[in-house]
Amino acid sequence: MSKIAVIGYGVVGSGTVELFETNKKSICEKVGRDIELGYILDLKDFPDSPFADKMTKDFTDILNDNEVEVVAELIGGLHPAYEFTKQLLEKGKSVVTSNKELVAAKGAELLKIANDNNANYLFEASVGGGIPIIRPLHKCLAGNEIEQISGILNGTTNFILTKMIKEQMSFDDALKLAQDNGYAEADPTADIEGHDACRKICILGSLAYGKHIYPENVHCSGIKNISLVDVEYASNAGYSIKLIGSVKPNDEGKLVAIVCPMLVPKNDILSNVNGVYNAICVTGNGVGDVVFYGQGAGKLPTASAVVGDIIDALKHQQRVLALSWDESKGDNSFMTSYKESKTAMYIRIECDDADNFKRSLSTVFGKVIFIERENRPDNELAFITKTMVEKDIDTELTILSHSAKILSKIRLY
Ligand code: HSE
């Protein structure tokens with residue numbers, strides 16, 4: 001009997017077991033043989049679970065059972081996920097995962113181990129939850145040079161920003177709601193500070209451009225400093241604030257990758273992606289723009305991608321699906337700093353006399369667009385600069401900081 005095993009019985013693990021058991025008949029038909037859930041590995045006890053007889057705390061039960069062909073690693077984090085995955089692949093078992101932290105840190109290495117052992121390492125669920133993006137990028141769009149990948153890659157932060165924009169809900173209340181819904185990471189800092197989105201843009205960039213992009217080489221800032229005041233100014237100027245991840249080659253072919261909040265024009269498709277939904281825009285030199293949209297987090301949407309990978313791995317036993325990219329440790333020469341890129345910037349400052357200060361701003365930034373809000377304090381000013389090289393904006397802001405306090409600085413999409 002062919003078996004699968006699930007490591008980690010949290011939100012995604014329990015969703016995977018639920019979806020597998022619910023759709024078992026059609027899954028077995030798709031694979032062409034009977035498949036059983038063999039084991040669920042978790043350190044916690046689940047005595048009341050209908051799958052209590054499948055529970056184990058011993059990883060070697062899975063590793064040493066020759067009937068286990070595919071393992072879903074759904075514990076997240078680097079350790080012991082890395083050690084488990086490596087050992088399973090070395091034994092020729094395929095591993096599927098939603099663990100973006102591990103894929104972003106060790107993807108090139110684990111894909112090579114899988115390849116060397118005639119096994120597959122699949123991670124459709126690691127980016128965009130239930131949205132198909134890994135396969136489309138790797139297969140359907142393979143005929144294109146990818147000019148840009150950008151999008152909303154984190155459900156938790158998009159849920160929080162949507163609540164702030166549409167209901168003026170406080171950041172803390174919106175985060176609590178996202179956690180209650182099972183969207184957030186175990187430590188929500190990874191969501192809030194942009195690290196989760198950063199791991200995802202690294203995976204997409206590595207796949208599209210063929211070299212491992214490491215998260216530590218990508219500028220990443222999150223949403224914890226976004227205030228309702230910025231949300232209001234942005235809205236009055238015709239924008240929504242979204243956490244955007246983006247990777248693209250510049251004119252010299254070097255990659256620029258960044259994760260940060262951006263002001264997205266309200267008529268842009270990304271501006272209308274709300275709640276836990278994610279959207280990923282890919283531009284190819286043949287296809288033009290394509291957008292992938294769907295639920296980017298949550299139990300069953302993410303399980304949908306995991307179970308899809310399980311089926312694919314079972315159908316391709318002993319055949320490698322050729323997913324790979326090159327290791328790039330110690331060589332960052334194919335990337336360049338975002339500071340060299342051009343952007344317009346939303347800036348909010350505190351100064352002595354805002355109306356008076358407006359005049360001196362033009363000597364620093366040239367023409368800017370001022371934004372108003374109801375009951376704007378006399379000592380507050382918000383404006384959008386023209387499009388400039390980012391390091392030049394920084395130089396001007398340093399000059400400005402001698403006579404004003406910089407409260408917010410957000411790039412335009
Ligand atoms: N915490 C992640 C998110 C889960 O909010 O998008 C899905 O990767």
Side-chain angles (χ1 to χ4, degrees), residues 8-16 19 72-78 81 96-105 107 122-134 137 149-164 171-207 215 218 220-224 226 241-246 259-261 270 273-280 292-309:
Y9 199 53
V11 175
V12 181
S14 59
T16 298
L19 196 66
E73 180 276 289
L74 307 170
I75 35 180
L78 289 183
V96 308
T97 190
S98 59
N99 189 341
K100 50 261 162 172
E101 187 174 358
L102 183 58
V103 180
L122 304 178
F123 41 87
E124 187 64 68
S126 67
V127 181
I131 306 171
I133 178 66
I134 301 292
L137 194 56
I149 303 172
S150 62
I152 294 170
L153 296 163
N154 181 268
T156 301
T157 44
N158 203 47
F159 180 88
I160 294 172
L161 288 171
T162 303
K163 290 283 176 196
M164 290 173 76
F171 179 93
D172 290 339
D173 287 349
L175 171 59
K176 167 95 181 42
L177 213 50
Q179 285 176 299
D180 290 347
N181 283 323
Y183 304 147
E185 297 301 299
D187 175 3
T189 318
D191 298 297
I192 303 313
E193 295 190 349
H195 302 301
D196 179 79
C198 181
R199 289 162 189 155
K200 291 167 178 167
I201 203 68
C202 287
I203 295 171
L204 296 179
S206 302
L207 200 56
V218 175
C220 173
S221 65
I223 64 162
K224 69 176 192 295
I226 303 292
I241 301 180
K242 297 286 182 188
L243 183 69
I244 302 290
S246 141
V259 173
C260 62
L270 289 184
V273 174
N274 292 313
V276 73
Y277 280 77
N278 285 189
I280 303 147
F292 300 86
Y293 171 80
Q295 293 187 62
K299 182 174 170 171
L300 291 178
T302 310
S304 154
V306 176
V307 175
D309 275 353

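For reference, positions follow the sequence shown, starting with 1. Read the numbers this way: they start at 1 and go in the same order the structure lists the ligands and their atoms.
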Rounded to the nearest 0.5 Å, how far apart are SG of Cys260 and CG of Leu243? 7.5 Å
Does any N or O in the side chain of Thr302 come within less than 3.5 Å of the main-chain N or O of Lys299, such that one atom is a donor and the other an acceptor? no
Donor-acceptor pair, Lys200 side chain versus Leu153 backbone, under 3.5 Å? yes
I'd like the contact residues of ligand 1, where contact means a heavy atom below 4.0 Å. Lys100, Asn154, Gly155, Thr156, Tyr183, Ala184, Glu185, Asp191, Asp196, Lys200, Gly296, Ala297
Any heavy-atom pair between the side chains of Asn154 and Asn158 that's under 4.5 Å? no
Can you name the salt bridge (charged side-chain N to carboxylate O under 4.0 Å, His left out) partners of Asp172, sequence neighbours left out? none
Give a yes or no answer on whether the side chain of Asp191 reaches the backbone of Ala184 with a donor-acceptor pair at less than 3.5 Å. no
